[in-house]
Amino acid sequence: MSRRELLDVIVVGAGVVGATAALAFARDGLQVALVEAREPPRWRAGPVAAEQSGALPLGSAPADLRVYAFAPDNAALLDDLGVWRGVCEARVQPYRAMRVWDAAGGGELAFDADSFGRRELGWIVEHALLVDRLWAALPVAGVQVLCPEVVVGLEQGTDVDDGGVSLQLGGAASGGSRRLRARLVVAADGADSQLRRLAGIDTVVHDYHQSGVVAFVDSEQPHQATCWQRFLPTGPLAFLPFAGADHAGRQGHRSSIVWTLPEAEAGRLLRADEADFMRELEAAFAGTLGALALGSKRVAFPLRRQLARACASGRVAIVGDAAHVVHPLAGQGVNLGLRDVASLRASLRTAAAGNADIGAPSRLSRWARQRRSENALAAHAFDALNRLFSNDHVATTLLRGPLLGVAARLPPLTHALWRHAAGL
Ligand SMILES: Cc1cc2nc3c(=O)[nH]c(=O)nc-3n(C[C@H](O)[C@H](O)[C@H](O)COP(=O)(O)OP(=O)(O)OC[C@H]3O[C@@H](n4cnc5c(N)ncnc54)[C@H](O)[C@@H]3O)c2cc1C
């Protein structure tokens with residue numbers, strides 16, 4: 001690439017959101033470079049084995065412990081990009097039912113794919129597998145991948161007189177110093193986004209003082225392709241069905257758990273020996289799937305709501321966790337990030353079709369306003385649910401059972417809620 005060359009888009013951060021963005025823009029005929037600090041480990045089809053154990057900083061996790069409840073609209077996006085089939089052929093678990101119930105207030109909400117006329121409600125997919133398949137597709141689509149590489153400076157001002165934005169790179173892939181220019185920069189570099197800071201965008205942070213304990217767990221009874229969530233006064237406990245075999249080689253008996261707990265409780269449970277941990281987990285899950293056994297190490301990550309004050313600044317768009325970190329209780333983190341990508345893609349397509357400037361700040365700020373309000377609405381809705389269910393106050397406890405009961409007795413309400421979560 002010559003020093004004077006102006007790319008269409010530079011994406012910074014090649015997690016699920018950034019890699020999908022780069023692939024989508026390249027498939028639409030744009031010239032795209034993708035900058036990533038660390039090469040991801042290759043996904044292996046064997047049993048899950050976590051290398052790390054303990055408390056993790058926000059946004060980091062041993063790649064092989066992260067799984068996502070993937071919504072149908074995002075599966076369709078990856079299908080359109082030619083990636084979804086490869087993911088499904090490797091290892092995904094369709095989930096066909098959901099069961100949500102409250103430990104203290106009673107009340108239960110249960111529904112399944114049949115009631116929506118579908119084969120499944122969504123899919124449980126491994127983070128490492130998604131990244132692996134996306135990265136394999138990038139060079140084929142013509143994306144220039146710069147890795148390991150970091151951005152050390154951002155310039156958008158009067159010297160960028162031909163309507164571009166300039167990034168200064170300082171990593172190994174550029175030999176320590178290189179300048180890249182494009183019409184648009186997309187920051188997908190995660191919760192601790194450096195690009196967001198360089199673009200001068202602040203965040204609003206609410207610390208939940210809770211941690212999410214994550215592990216793989218094998219159960220005596222099969223998971224029945226069901227997502228289970230039990231609300232406890234300390235926070236929700238979710239079991240997501242996993243496609244991989246359990247420690248005895250059985251299919252359909254392994255789940256990925258996300259157990260929300262007050263920070264101190266999570267710390268105590270990480271330090272507890274395995275037998276004590278499993279005893280407390282079985283009690284928290286009320287023996288729903290019988291006896292449980294640990295299938296991996298346990299890790300905990302801090303939970304907070306974090307919203308960027310804006311999703312764009314000049315020619316820089318902010319997507320994924322760089323723009324919004326949400327409570328995991330609705331399993332929507334990566335889904336919201338991919339919806340940022342889908343809507344930005346639509347905006348770029350409209351611009352390109354009209355021969356307009358794809359990175360024009362006025363166009364970008366319209367997109368950013370719409371995304372910010374949708375993401376803020378989702379983040380605050382998850383907040384409200386967490387507040388309503390994660391306590392043992394008498395008044396809210398009395399309210400919870402009837403609320404779940406009302407939702408269960410009103411199929412149109414359940415349908416509307418699910419369709420919204422599914423992006424349909
Ligand atoms: C343990 C855990 C469990 C989770 N479970 C769920 C779940 O069940 N469902 C769900 O929807 N969400 C879940 N989430 C949230 C989900 O992981 C995030 O919402 C999602 O990964 C965000 O994707 P992203 O691509 O925006 O960011 P990230 O996955 O954080 O990717 C950012 C990328 O940018 C790179 N990068 C960072 N800084 C730089 C830099 N300066 N220069 C270049 N590259 C850089 C990083 O190396 C990384 O590859 C979970 C999160 C954690 C930590």
Side-chain angles (χ1 to χ4, degrees), residues 10-22 33-41 50 52 55-71 74 95 122-128 130-131 134-135 145-154 167 169-171 173-174 185-198 211-215 227 229 238-240 242 255-260 296 298-304 306 308 318-341 375 378-379 382 421:
I10 305 168
V11 179
V12 180
V16 174
V17 174
T20 303
L34 178 60
V35 177
E36 166 59 47
R38 284 179 296 275
E39 186 152 343
Q52 290 172 276
L56 298 170
L58 185 85
S60 68
D64 44 357
L65 276 194
R66 260 195 279 184
V67 304
Y68 302 128
F70 220 66
N74 288 323
Y95 63 93
W123 297 263
I124 304 298
V125 196
E126 291 154 83
H127 168 91
L130 282 170
V131 170
L134 284 163
W135 273 60
V145 180
L146 300 166
C147 179
E149 189 54 87
V150 287
V151 176
V152 292
L154 163 77
L167 289 184
L169 306 181
S174 63
V185 164
V186 176
D189 49 347
D192 195 27
S193 169
Q194 197 212 356
L195 240 287
R196 187 186 61 220
R197 273 196 297 278
L198 288 172
S211 296
V213 175
V214 180
C227 291
Q229 182 141 261
F239 272 59
L240 306 177
F242 184 63
S255 299
S256 163
I257 65 156
V258 184
W259 190 0
T260 300
S296 72
R298 304 154 256 176
V299 298
F301 60 102
L303 300 182
R304 68 184 197 225
Q306 178 177 288
I318 319 279
V319 297
D321 273 21
H324 41 75
V325 177
V326 298
H327 199 287
L329 96 172
Q332 288 293 310
V334 87
N335 287 308
L336 292 179
L338 291 176
R339 284 176 197 142
D340 296 339
V341 172
N375 289 325
F382 305 152

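Keep in mind that the numbers below use all heavy atoms, side chains included, and drop hydrogens, waters and symmetry copies. Computed from a prediction, not measured in an experiment: that's the story for all the values here. We count ligands from 1, going down the list as the structure has it; atoms in each ligand are counted the same way.
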Hey, does Pro328 sit under 4.0 Å from ligand 1 if you only count heavy atoms? no
Out of [options], who gets a non-hydrogen atom closest to [atom]?
atom	options	answer
atom 32 (C) of ligand 1	Gly13, Ala188, Gly320, Ala238	Ala188
atom 12 (N) of ligand 1	Tyr68, Phe301, Phe70	Tyr68
atom 46 (C) of ligand 1	His324, Glu36, Gln194, Glu149	Glu36

So which bit of Val67 gets within less than 4.0 Å of ligand 1, heavy atoms only: side chain, backbone, both or neither? backbone
Quick one: look at Asp189 and ligand 1, take heavy-atom pairs under 4.0 Å, and tell me if it's side chain, backbone, both or neither. both
So does [Y] get a backbone contact from the side chain of [X], meaning a donor-acceptor N/O pair under 3.5 Å?
X	Y	answer
Gln306	Ala191	yes
Asp321	Ser193	no
Trp259	Ala215	no

Using a 4.0 Å cutoff against the non-hydrogen atoms of [X], which atoms of ligand 1 qualify?
X	answer
Val16	25 (O)
Val17	23 (O), 24 (P), 25 (O), 26 (O)
Gly190	27 (O), 30 (O), 32 (C)
Gly333	10 (C), 11 (O), 12 (N), 19 (O)
Arg38	46 (C), 47 (O)

Trace of the side chain to side chain contact (heavy atoms under 4.5 Å, CB included) decision for Tyr68 with Asn74: CA-CA 11 Å; Tyr68 302 128; Asn74 288 323; over 6 Å; no
Among Asp189, Leu146, Val11, exactly one meets side chain to side chain contact (heavy atoms under 4.5 Å, CB included) together with Val35. Which residue is that? Leu146
Please indicate whether any nitrogen or oxygen in [X] is less than 3.5 Å from any nitrogen or oxygen in ligand 1.
X	answer
His127	no
Val334	yes
Ala191	no

Hits for side chain to side chain donor-acceptor pair (under 3.5 Å) against Glu36, two or more places apart or cross-chain, chain-then-number order -> none
To check you understand the geometry: which heavy-atom pair defines the closest contact between [X] and [Y], and what is its length?
X	Y	value
Leu169	Val152	C-CG2, 4.1 Å
Leu303	Gly212	CG-N, 3.8 Å
Phe242	Ser256	CB-N, 4.5 Å

